[in-house]
Novice: 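Pasting in a structure now, in structure tokens, and then I'll have a few things to ask.
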Amino acid sequence: MEEKEFIQNLLNPKTQNEAFQKLLLEYQRPLYNHIRNIVLNHDDTDDVLQNTFVKVFQNLKNFKGESKLFSWMYRIATNEAITFLNKKAKQNGTTSEFVQAKIVENLEADSHFDGDAIQIKLQKAIVNLPEKQQLVFKMRYFEEIKYEQMSTILGTSVGALKASYHHAVKKIEIFMIKD
């Protein structure tokens, strides 16, 4: 089914439920993985994912079709994940960087995290990056998103994204070599 037709099905009250089930089936896993890369905690990821789909459903009528539906949903998921971290930091009277560092410290105890010591060290290195570099690195390294698609999602030029990724990789290499 063509995307425009699919969107019409999502907007039509008669076909909305079936179309939304299809949307969930197709995009739940990739959006979960993307959000999990940002918030790291499984339970928090589920909450953010649910908020993302609520926002998608509420705002679908405003979708202009200037990008692919998936890119638009990805942007919502990204914003929801960042908002979640910032809100959690504000509730704790700290910064989102501190919150993320605490989450990384607790990764070993997370039954949904199946990484080893090197992956935990990589997460610690990533947490030390500025927010934009974290996002770009995670999207490129873990999700293998092309710069052009990332540009649409983040609203940043391809050149700037490549530079952010390059700087992130250099900082991570230095961090990983330490110890």
Side-chain angles (χ1 to χ4, degrees), residues 1-92 95-97 99-100 102-103 106-107 110-114 123 126-127 131-158 160-161 164:
M1 181 185 309
E2 194 172 307
E3 190 165 280
K4 285 183 181 183
E5 184 183 342
F6 182 62
I7 292 167
Q8 289 306 313
N9 287 344
L10 284 165
L11 294 171
N12 182 339
K14 292 179 182 174
T15 56
Q16 197 171 54
N17 285 344
E18 186 180 331
F20 204 74
Q21 288 300 319
K22 200 176 223 177
L23 182 87
L24 283 170
L25 200 63
E26 188 161 337
Y27 296 117
Q28 191 168 9
R29 177 60 50 201
L31 287 176
Y32 172 90
N33 291 335
H34 174 63
I35 294 166
R36 179 75 192 255
N37 280 331
I38 298 171
V39 302
L40 298 176
N41 176 285
H42 169 72
D43 294 331
D44 293 343
T45 299
D46 281 344
D47 293 344
V48 174
L49 182 63
Q50 185 174 355
N51 291 345
T52 298
F53 278 112
V54 167
K55 282 249 169 92
V56 166
F57 187 74
Q58 290 173 338
N59 294 296
L60 199 57
K61 60 191 171 296
N62 302 326
F63 178 64
K64 296 176 181 78
E66 294 169 356
S67 65
K68 293 271 186 209
L69 180 63
F70 182 67
S71 296
W72 179 72
M73 290 171 53
Y74 225 78
R75 182 177 223 150
I76 292 171
T78 302
N79 291 339
E80 284 296 305
I82 291 168
T83 299
F84 174 84
L85 289 174
N86 290 336
K87 201 180 284 184
K88 196 170 189 175
K90 192 174 182 180
Q91 288 171 343
N92 294 328
T95 64
S96 63
E97 291 82 12
V99 168
Q100 286 181 297
K102 281 289 182 206
I103 293 169
N106 296 327
L107 273 179
D110 185 344
S111 62
H112 295 280
F113 182 76
D114 58 359
Q123 290 298 333
I126 293 168
V127 161
E131 185 178 277
K132 186 77 163 194
Q133 286 180 11
Q134 282 186 39
L135 260 179
V136 171
F137 181 81
K138 289 174 178 181
M139 291 172 80
R140 186 79 182 133
Y141 182 80
F142 292 117
E143 301 172 58
E144 299 176 353
I145 294 176
K146 292 181 178 11
Y147 289 112
E148 293 73 19
Q149 186 178 12
M150 209 185 302
S151 175
T152 303
I153 294 165
L154 299 177
T156 306
S157 73
V158 170
L161 292 169
S164 287

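As the structure is a computational prediction, the values presented were derived from the model and not from experiment.
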Novice: Ignoring hydrogens and geometry, is there a side-chain-to-backbone donor-acceptor pair from Arg140 to Glu144 under 3.5 Å?
Specialist: no
Novice: So, for Lys88 and Val99, which heavy atoms are closest and what is the spacing to 0.1 Å?
Specialist: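 Smallest heavy-atom distance, with atoms named: CD-CG1, 3.9 Å.
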Novice: Flag the pair Leu135 / Ile82 as yes when at least one side-chain heavy-atom distance between them is below 4.5 Å, and no otherwise.
Specialist: yes
Novice: Quick check: closest heavy atoms across Glu3 and Leu69, and the distance to 0.1 Å?
Specialist: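 Distance-wise, the nearest heavy atoms are OE2-N, 3.0 Å.
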Novice: For atom NZ of Lys4, is the number of surrounding heavy atoms from other residues, nucleotides or ligands below 6.0 Å larger than 12?
Specialist: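 Not more than 12 within 6.0 Å, no.
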Novice: Hey, what do you get for CH2 (Trp72) to CD (Glu66), rounding to the nearest 0.5 Å?
Specialist: 12.0 Å
Novice: Any heavy-atom pair between the side chains of Phe57 and Leu23 that's under 4.5 Å?
Specialist: no
Novice: Would you call Lys138 and Ile126 a side-chain contact if the rule is heavy atoms closer than 4.5 Å?
Specialist: yes
Novice: Answer yes or no: does atom OH of Tyr141 have more than 12 heavy-atom neighbours from other residues, nucleotides or ligands under 6.0 Å?
Specialist: no
Novice: Is the side chain of Asn59 donor-acceptor paired with the backbone N or O of Lys55 at a distance under 3.5 Å, no angle test?
Specialist: yes
Novice: How many angstroms lie between NE2 in His34 and CD1 in Ile153, if you round to the nearest 0.5 Å?
Specialist: 6.5 Å
Novice: Please walk me through it: do Glu80 and Ile35 pass side chain to side chain contact (heavy atoms under 4.5 Å, CB included)?
Specialist: CA-CA 9 Å; Glu80 284 296 305; Ile35 294 166; over 6 Å; no
Novice: Any chance you could measure Glu131, atom CD, to Ile38, atom CD1, to the nearest 0.5 Å?
Specialist: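 Those atoms lie 9.0 Å apart.
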Novice: To check you understand the geometry: which heavy-atom pair defines the closest contact between Met73 and Val56, and what is its length?
Specialist: CG-CG2, 3.8 Å
Novice: Mind checking whether Asn9 and Glu18 have side chains closer than 4.5 Å, heavy atoms only?
Specialist: no
Novice: Working to the nearest 0.5 angstrom, can you tell me the gap between Phe53 CZ and Phe20 CZ?
Specialist: 6.5 Å
Novice: Would you say the side chain of Ile103 lies within less than 4.5 Å of the side chain of Val39, judging by non-hydrogen atoms?
Specialist: no
Novice: Please report the closest heavy-atom contact between Met139 and Leu154, naming both atoms and the distance.
Specialist: SD-CD1, 3.9 Å
Novice: Give a yes or no on whether the backbone of Val127 and the side-chain of Gln134 come within a donor-acceptor separation of less than 3.5 Å.
Specialist: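 Present.
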Novice: Under the ring pair (Phe, Tyr, Trp, His ring centres under 6.0 Å) rule, collect the residues that match up with Phe142, sequence neighbours excluded.
Specialist: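 With neighbours one apart ignored, the set is empty.
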Novice: Kindly indicate, with the supporting measurements, whether the criterion side chain to side chain contact (heavy atoms under 4.5 Å, CB included) is fulfilled by Asn33 and Arg29.
Specialist: CA-CA 6 Å; Asn33 291 335; Arg29 177 60 50 201; 3.7 Å; yes
Novice: Step through the shown structure and confirm whether more than 12 heavy atoms of other residues, nucleotides or ligands are within 6.0 Å of CD on Gln16.
Specialist: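 Yes, the 6.0 Å shell around CD holds more than 12 heavy atoms from other groups.
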Novice: Going from CG on Leu60 to CG on Leu11, what distance comes out if it is rounded to the nearest 0.5 angstrom?
Specialist: 4.5 Å
Novice: Nearest 0.5 Å, what's the CZ-CG distance between Phe84 and Asp47?
Specialist: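 Output value for this atom pair is 6.0 Å.
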Novice: Please report the closest heavy-atom contact between Phe70 and Gln149, naming both atoms and the distance.
Specialist: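 It is CD2-NE2, 3.5 Å.
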Novice: Who pairs with Lys102 by salt bridge (Lys or Arg N to Asp or Glu O under 4.0 Å), at least two apart in sequence or on another chain?
Specialist: Glu105
Novice: To check you understand the geometry: which heavy-atom pair defines the closest contact between Asn41 and Thr45, and what is its length?
Specialist: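 The answer is O-OG1, 2.7 Å.
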Novice: With no hydrogens and no angle check, is any side-chain donor or acceptor of Ser151 less than 3.5 Å from a backbone partner on Thr156?
Specialist: yes
